[in-house]
**Student:** 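Can you keep this structure in mind? I'll have questions shortly.
Index from 1, following the sequence. All figures in this text were calculated on a predicted structure; none of them were measured in a lab.
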Amino acid sequence: MKKPAIITSALLIFIATSAAFALERKTIDKVSTDEFIKDTQITSPGGPGQMNLIWWIPFEFWESIYANDKNTSEADKEKTMKVLKPYSLVAICQAEISDFGAFKFYSKEEILNRLNITLEDANGNTCKLIPLKDVDPDINVLLAMFKPIFSAAAGNMGENFHFYVLKDYEPNDKRIVDPYRFGKIKFQLGKRSGGILEARLDLPLNSLYVPRICPNGKPAHVSWKYCPWTGKKFEE
């Protein structure tokens with residue numbers, strides 16, 4: 001008579017263990033803004049005298065912010081989200097730094113002329129992501145509202161963050177860059193000297209998922225296929 005109880009207990013342990021290894025999305029209101037920013041901001045190593053910061057901003061970033069915003073009315077949230085949803089944004093700050101520490105920032109057009117963005121999916125297929133030339137006027141209004149926030153938060157550097165708008169949906173409503181799917185966004189920036197700077201952002205974003213826990217109790221990054229301590233394969 002004890003066997004069914006033993007089997008049931010073993011099954012429950014198996015289910016609990018499997019859940020710890022499987023990918024589970026967080027509800028958007030549980031996503032940490034700080035962790036999201038950490039996941040989506042990358043630097044491109046440029047050596048001494050060069051500063052390059054890239055921030056990819058998908059729609060889910062705004063969703064997570066508004067999900068916890070108690071001050072903005074639901075009507076205003078809905079209007080803003082409707083404008084932002086078809087796009088993702090890329091914000092870039094690039095500068096040369098003199099021997100005395102003076103920043104010589106690149107203009108928006110200067111960055112754009114040398115900018116290349118490529119999406120690579122989990123199967124190695126690639127496509128170019130080209131910033132839009134004709135941008136929805138409402139997006140420009142929102143970007144104009146964001147600028148003072150950047151300036152207040154990061155001073156001169158914030159003032160020299162330049163925004164580029166990317167189309168985020170195909171005509172058939174298929175998502176182009178999904179932060180929940182495996183892939184890579186590759187960025188190329190050009191230097192005034194003629195050199196090329198490269199940076200890569202790996203997907204999916206760890207901040208959008210409930211942390212998986214390895215048997216030793218340590219959290220596993222969402223991009224890991226195997227636990228580095230035990231070698232056990234994670235479920236996807």
**Student:** Is any side-chain heavy atom of M51 closer than 4.5 Å to one of Q94?
**Tutor:**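 Contact flag for Q94/M51 side chains = no.
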**Student:** Would you say the side-chain atoms of Y164 pair up with the backbone N or O of K108, donor to acceptor, closer than 3.5 Å?
**Tutor:**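 Checking the backbone N and O of K108 against the side chain of Y164, a donor-acceptor pair under 3.5 Å is found.
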**Student:** Is it possible for you to say whether I130 and I111 belong to one hydrophobic cluster, with membership spreading through side-chain heavy-atom contacts below 4.5 Å?
**Tutor:**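 No, because I130 and I111 fall into different hydrophobic clusters, even though each may have its own neighbours under 4.5 Å.
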**Student:** Keeping the roles fixed (side chain from D173, backbone from Y169), state whether a donor-acceptor pair exists under 3.5 Å.
**Tutor:**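 Pair absent, no side-chain N/O of D173 close to backbone of Y169.
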**Student:** About how many Å separate CD of E60 and CZ of R25, when rounded to the nearest 0.5 Å?
**Tutor:**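 Reported to 0.5 Å precision, the distance equals 8.5 Å.
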**Student:** Side-chain contact test, heavy atoms from C-beta onward, threshold under 4.5 Å: evaluate it for L142 versus D138 and give yes or no.
**Tutor:**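 L142 vs D138: side chains apart.
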**Student:** Would T27 and D29 count as having a side-chain donor-acceptor pair, cut-off 3.5 Å?
**Tutor:**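 The criterion, which ignores hydrogens and geometry beyond distance, is satisfied for D29 and T27.
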**Student:** Counting C-beta onward and ignoring hydrogens, is there a side-chain heavy-atom pair between F59 and S88 closer than 4.5 Å?
**Tutor:**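 Side chain of F59 against side chain of S88, heavy atoms only: no contact under 4.5 Å found.
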**Student:** Cut-off 3.5 Å, side chains only: do W56 and T40 have a donor facing an acceptor?
**Tutor:**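 Side chains of W56 and T40: no pair found under 3.5 Å.
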**Student:** If you measure from the Lys or Arg side-chain nitrogens to the Asp or Glu carboxylate oxygens, is any gap between E198 and K186 under 4.0 Å?
**Tutor:**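 No.
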**Student:** How close do Y106 and G190 get, heavy atom to heavy atom, and via which atoms?
**Tutor:**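 For Y106 and G190, the tightest heavy-atom pair comes out as CE2-O, 3.7 Å.
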**Student:** Is the gap between the ring centers of Y209 and Y180 under 6.0 Å?
**Tutor:**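 For Y209 and Y180, the ring centres are under 6.0 Å apart.
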**Student:** Apply the test side chain to side chain contact (heavy atoms under 4.5 Å, CB included) to residues L166 and V90: give CA-CA distance (whole Å), side-chain angles for both, the deciding distance (0.1 Å), then the verdict.
**Tutor:** CA-CA 8 Å; L166 303 176; V90 175; 3.7 Å; yes
**Student:** Stepwise, does the salt bridge (Lys or Arg N to Asp or Glu O under 4.0 Å) test hold for E96 with K191?
**Tutor:** CA-CA 9 Å; E96 291 178 348; K191 297 172 66 174; over 6 Å; no
**Student:** Any side-chain heavy atom of I92 sitting closer than 4.5 Å to one from L189?
**Tutor:**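 I92 vs L189: side chains touch.
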**Student:** Can we say D168 and R175 salt-bridge, meaning some charged N sits less than 4.0 Å from an Asp/Glu carboxylate O?
**Tutor:**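 Between R175 and D168 there is a salt bridge, with a charged N closer than 4.0 Å to a carboxylate O.
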**Student:** Short question: side chain of R200, backbone of F187 - any donor-acceptor pair under 3.5 Å?
**Tutor:**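 Pair absent, no side-chain N/O of R200 close to backbone of F187.
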**Student:** Do T43 and I54 have side-chain heavy atoms sitting under 4.5 Å apart?
**Tutor:**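 No, their side chains stay 4.5 Å or more apart.
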**Student:** Would you indicate whether the side-chain heavy atoms of N116 and L129 approach each other to under 4.5 Å?
**Tutor:**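 Not in contact.
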